[in-house]
Amino acid sequence: MDVPFSEGSSSSSINNHKHDVFISFRGEDTRRNFIDHLNKTLQHANISTFLDEEKIDTGKVLKPELVNAIKSSRASIIVLSKNYASSSWCLDELVLILKQPNQIVIPIFYHVEPTHVRKQESTFGDAIAEHTRQMKAEKDADERTQSAQRIKGWIDALKQVANLKGEDVRGWYETVFIKKIVDDLNYRLHVPSRSALPEPIGMKDSINFVTSWLKKEPSDRGDVLTIFGMRGIGKTSLAQYVHGLHCYEFVTSSFIKDIDRRCDDKLYGLRDIAAELYGCISKGSSTQDYDVSKYTSKIENIVANEKVFLVLDDINTLDQLNALLGRKGFYQGSKIIITTRNTWLTESCDLFKTEVKPTHEKHKLEGLDDTEALELFCSHAFKSKDPKKGYGEMSEKFVNYCRGHRLTLEVLGMSLYNRQDVAYWEDRIEGLGKDPVENELRKSFDSLPSDNDKELFKHIACFFVGTDRVYTETILKACKIRANSGITDLMDNCLLSVGWNNELVMHQLLQEMGRHIVRQESPDKAWKRSRLWCHEESFKVLKEKKGTRKVLGLSLDIRRLEINEPLETEALRKMDELKLLQLNCVQMNGSYENFPKQLRWLCMHVFPLDYIPSNLPMKYLVALDMSYSNITSFGVSYCDSQPQKRQRLTGSCSKDKKLLGSLKILNLSFCDMLCSVVGFEDFPALERNRFSSKPYGGIRKHNEYLSIKIDSLETNMQSMIKTIGIWFGKKIRAACHGTDRCVFRIGCQMSNDKSVEKLVIGRRLELLVLGSELGS
C-alpha cells in the first residue's frame, strides 16, 4: 500500500543527504518542551535537523517538502507520544520513514508503553478507532477503500516501529536522556571532524598534541591525560573543543565541566556531578541515590567494562577524582582527560594506587605568544584578526600587558569593543596596573554602566552562581534590583553567561573578584560587609550577635562546618536591611519574631520544626525554600469556617492583608512528613511551586497520601494552580488510568452543572478542578 503523497514529489538520491536527522513528532504533545530541547542539542552538536514548523495538519497528503526531507535524511527520530497516532501526517511520516533503505531509525517512547504502540492500545487504540470511524463514514467507495488500505499500513508500521530497538524516556532526566540520544547519533552517523565550537585561537599545537594522544595506540589499561596550567589560561576551552571534535569516535563519552566550583557552591555538588556522569555513560534507566559512593561504584563498573571517552574539567581535590573514577581501572581503549591546576593530583588518586595502573601523560598549557595574543585580543576588541587602523600600537601595549593570559585578553578586549575612541584607549593604557588578571577583571567591573549592575554582579557572585536565571531575577527584582536588563548588561560585558539549563554561569576568577570586592568593604570585620557567604564568617557573626543593618545577604550551611551548636534568633534582630537569608540545617532558639522584616528570599533546608512559626515575618517574602524539612502542613487554614481564626502559619490577619501575599516561589521538595497543603487563595502572587516526595524512594508509608485543600478558585488562582508540580513515587488520592497517568480529583461532587477543567501538574498527574467551590 502506498502512502498518498502530493503530486510532484521526487525521491532524492540515497547519497544526496540534505539533513542528518528528520524528527517526526506530534506537536501538541512535545513541540514546546522535549522537541525544542532535542532539536537545539542536536544543532549544538552540529547535527543538521529537519523539523516541520506547521502546528496543525493542513491536508490529507504529506507536503512535498516533508517527503523530500524524509528521503534525504541519514536518520530519523520518531517521538511516539500519547497523541502521535491521532495525526494522519505523523502516521504517514512513520510509514515513509520505515520504507527508507539504509536509514537509521530511532523510536523514542515518550511516556507511552511500547506495547500500547505495538497492539494499538490506550490512546493509540483510540486514535486508530477514530481513523476507522472516519473511514467508514466516507461516502465514496474508492476513497473508503484507499482509507482502509492506508489504516492497515499505519497499523503495520506501528507494529514494526514498536519492535525496533527504541529508547524509553521514563525514569530519565530529560537533559541526560537527550544527551544520550545525541551522543549515540554522533557516533552512528560518524559526523565529520567538526566541533560545534570554533577552534580556540592560539591552541593549534595543544589541539594537535591532544589529538595525537587520542589517536595513539591505546593501552590495555586505559590512558589518562592531565592538562594543567594556571587559572584562566584556557584549559577548559581546549578540553571542550577536543571533546567536541572526537566524541563521535566513541560509543560512550561525557564532558563534565566546572567540577571544583560546582562542588564548592553546593553541599551535595559532588554527588550531583557523579549522578550526571553516571547518567551520561549508563545505558539503562537513570537511578537516584543519596550517597556519592553508590554512584562511584556504578561509574567504576561501567568504565571497567566499556570503552569510554571522559573529560573531567577543573578537578581540584582527590575526593573529586576518587568519586568520579573509582579504583577498578579502565577498559582497553578508554581515554580520560583531566584538567587541573594541581599536577600532582592525578597520580595521587586511588586509581593509581592499584597494581594495574593506567598510562599517564601530562600537557602544560602555556600562555599565548605575541602573535596569537594579538589575534585573540583583536577578535574581541574589533571582531577581526587585526587591529583597526590607528589602533595597532595601543593594541600591542594591551597585549604586552596581558602576558599571554587568555582570560585577561578576552575580558580586556571585550571591554574595549565599540569604544573606538583613541583618547579613551590612551586613558585605559595609563591606568593599567601591575597584576593584569586582577586589575583587568576589576576594571571590567568598574566600567559597568550603573550601580544597579554592580550590585547585581556582587549578589550573583556571592549567592546565585549556578541558580536558575528566572528564579534569581524574581528574587532580586523584589530587592529593587533591575535583574533582567542587568543580567543582559553583565553578559554583554563578558562577566556572566547563561548555561543550557538557564543557570547563571560565572568564571571562577570573576566570582572570586566579586567576592573580593565585597570583602574589601571591611577586610577585618565581616559584620560590616554587605554580604556574608563564607560559612565560618557567617556562623561567627551570628554566634557573637554582631550583625548590623549593613548586611544585605547572609548564607550559612551548618553542614559545611564541624559544629553542632544552636544559634539565637536574637542574632538577626539588628539586621534590619537583610533581604537574602539562607540558614540550612541551623537550629535556632528564641522567637522567630526577631527575623528581619525585609526578607525577600528565605532558604531553610532541614528546618527542624513540624510547622512554620506564625510570628516569622513573611510579608515581603517572594521566595520560600523549606526543602528537606520536617513540616507536616503548609498554608493558611481556617477553624470552624471563621476566616479570623488562622492556624499556626499566619495567626490572625485579614484577607485584605495576606501574610504571604508577595510569595511567588515556594519549594517544599523532599519534605517527607508533609501531608497537607491548604489555603492557596491566600498566596495570590504564587507563580512557581514545587512539592515532591523523598527524591529516592517515595513518600513515607505513614504519609502515603498528600491532601491538598483549595477553598475557592479565584481568577488569579487558576493560573497559579496550573504551575503546581507534584511528582510522587507512591499513590496520591487518585483514580489511576493505566500506567501513564493519574487523575487527582479535588472536590467530591461531580454534577452536570459543574464545570470541569483538567490541569496537568507534573509528569504523570492530572488535576480535575470542579466548579468554583472545592472540597478537600
Undergrad: Would the distance check show the side chain of S334 and the main-chain N or O of V308 forming a donor-acceptor pair, the cut-off being under 3.5 Å?
TA: yes
Undergrad: Give the C-alpha distance, both sets of side-chain angles, the deciding distance and a yes or no for side-chain contact (heavy atoms from CB on, under 4.5 Å) between L490 and M506.
TA: CA-CA 10 Å; L490 295 181; M506 184 180 289; 5.7 Å; no
Undergrad: Is it true that R170 and E113 have a side-chain N and a carboxylate O under 4.0 angstrom from each other?
TA: yes
Undergrad: So that I can tick it off, tell me whether E276 and K179 are bridged by a salt bridge, with the cut-off set at under 4.0 angstrom between side-chain N and carboxylate O.
TA: no
Undergrad: Verify, without hydrogens or angle tests, whether T123 (side chain) and K82 (backbone) share a donor-acceptor contact under 3.5 angstrom.
TA: yes
Undergrad: Give, for atom OG1 of T252 and atom CG of D183, the distance between the pair rounded to the nearest 0.5 Å.
TA: 8.5 Å
Undergrad: Taking all non-hydrogen atoms of both residues into account, name the closest pair between S88 and R150 and its distance.
TA: CB-NH2, 3.9 Å
Undergrad: Would a 4.5 Å heavy-atom cut-off, applied to side chains only, mark V105 and I78 as touching?
TA: yes
Undergrad: How many angstroms lie between CG in L80 and CZ in F25, if you round to the nearest 0.5 Å?
TA: 13.0 Å
Undergrad: Do side-chain atoms of N502 reach the backbone of V498 as a donor and acceptor pair under 3.5 angstrom?
TA: no
Undergrad: I need the L324 CG to L277 CG distance, nearest 0.5 Å.
TA: 6.0 Å
Undergrad: Below 4.5 Å, heavy atoms only, C-beta onward: do K18 and F50 meet side chain to side chain?
TA: no
Undergrad: For side-chain contact (heavy atoms from CB on, under 4.5 Å), just list the numbers for I273 and Y295, CA-CA rounded to whole Å, side-chain angles, deciding distance to a tenth of an Å, and then say yes or no.
TA: CA-CA 10 Å; I273 292 168; Y295 284 114; over 6 Å; no
Undergrad: Do L42 and D20 have side-chain heavy atoms sitting under 4.5 Å apart?
TA: no
Undergrad: Look up atom CD in Q103 and atom CD1 in I97, then write down how far apart they are to the nearest 0.5 Å.
TA: 6.5 Å
Undergrad: I need the minimum non-hydrogen distance between R262 and K257, along with the two atoms involved.
TA: NH1-O, 3.2 Å
Undergrad: Looking only at side chains, do Y110 and E174 share a donor and an acceptor under 3.5 Å apart?
TA: yes
Undergrad: Hey, does the side chain of Y417 reach the backbone of K383 with a donor-acceptor pair shorter than 3.5 angstrom?
TA: no
Undergrad: Answer yes or no: is there a side-chain heavy-atom contact under 4.5 Å between R74 and I104?
TA: no
Undergrad: Parallel, tilted or perpendicular: which describes the rings of F177 and F34, with under 30° parallel and over 60° perpendicular?
TA: tilted
Undergrad: Please examine the side chains of K335 and K307, heavy atoms only from C-beta on, and report whether any two atoms are closer than 4.5 Å.
TA: no
Undergrad: Under the side-chain contact (heavy atoms from CB on, under 4.5 Å) criterion, do F309 and E249 qualify, and how do the steps go?
TA: CA-CA 9 Å; F309 176 29; E249 300 169 11; over 6 Å; no
Undergrad: When rounded to the nearest 0.5 angstrom, what distance separates CD1 in I337 from NE2 in H243?
TA: 8.5 Å
Undergrad: Run through D156, L94, V95 and flag the one making a side-chain contact (heavy atoms from CB on, under 4.5 Å) with V161.
TA: L94
Undergrad: In sequence, state the C-alpha distance, the side-chain angles, and the governing distance for H37 and T175, and then conclude on side-chain contact (heavy atoms from CB on, under 4.5 Å).
TA: CA-CA 8 Å; H37 295 156; T175 52; 5.8 Å; no
Undergrad: Quick check: does any side chain N or O of S87 sit under 3.5 Å from a backbone N or O of C90, one acting as donor and the other as acceptor?
TA: yes
Undergrad: Are K40 and D36 ion-paired here, with the side-chain N under 4.0 Å from a carboxylate O?
TA: yes
Undergrad: Using a 4.5 Å cut-off on heavy atoms from C-beta on, say whether the side chain of I77 contacts that of L185.
TA: yes
Undergrad: Can you name the closest pair of heavy atoms from P218 and G333 and give their distance?
TA: CB-CA, 3.5 Å
Undergrad: Between N667 and S669, is there a donor-acceptor pair closer than 3.5 Å when you use the side chain of the first and the backbone of the second?
TA: yes
Undergrad: Looking only at non-hydrogen atoms, find the nearest pair between S81 and D29 and report the distance.
TA: OG-OD2, 2.6 Å
Undergrad: Do S237 and M203 come within less than 4.5 Å of each other through their side chains, counting heavy atoms only?
TA: yes
Undergrad: Would you say E65's side chain and K63's backbone share a donor-acceptor pair under 3.5 angstrom?
TA: no
Undergrad: Evaluate the side-chain proximity of L96 to K71: yes if any heavy-atom separation is below 4.5 Å, no if none is.
TA: yes
Undergrad: Looking at every non-hydrogen atom in both residues, tell me the closest pair between L38 and I23 and how far apart they are.
TA: CD2-CD1, 4.4 Å
Undergrad: To the nearest 0.5 angstrom, please state how far the OH atom of Y84 sits from the CD1 atom of I108.
TA: 11.5 Å
Undergrad: Counting distance only, does the side-chain N/O of D184 pair as donor-acceptor with the main-chain N or O of K180 below 3.5 Å?
TA: no
Undergrad: For Y331, does the OH atom sit with more than 12 other heavy atoms under 6.0 Å from it, leaving out its own atoms?
TA: no
Undergrad: What do the steps show when you test Q134 against E130 for side-chain hydrogen bond (donor to acceptor under 3.5 Å, both in side chains), and what is the final call?
TA: CA-CA 6 Å; Q134 294 178 8; E130 176 60 22; 3.0 Å; yes
Undergrad: Judged by atom type as modelled, is there a donor-acceptor pair below 3.5 Å linking the side chain of T49 to the main-chain atoms of V21?
TA: no
Undergrad: Mind listing the closest non-hydrogen atom pair of I181 and I106 along with its distance?
TA: CD1-CG2, 4.5 Å
Undergrad: Is there a donor-acceptor pair closer than 3.5 Å between any side-chain N or O of N305 and the backbone N or O of N301?
TA: yes
Undergrad: Please tell me whether H246 and T211 have a donor and an acceptor in their side chains that are separated by less than 3.5 angstrom.
TA: yes
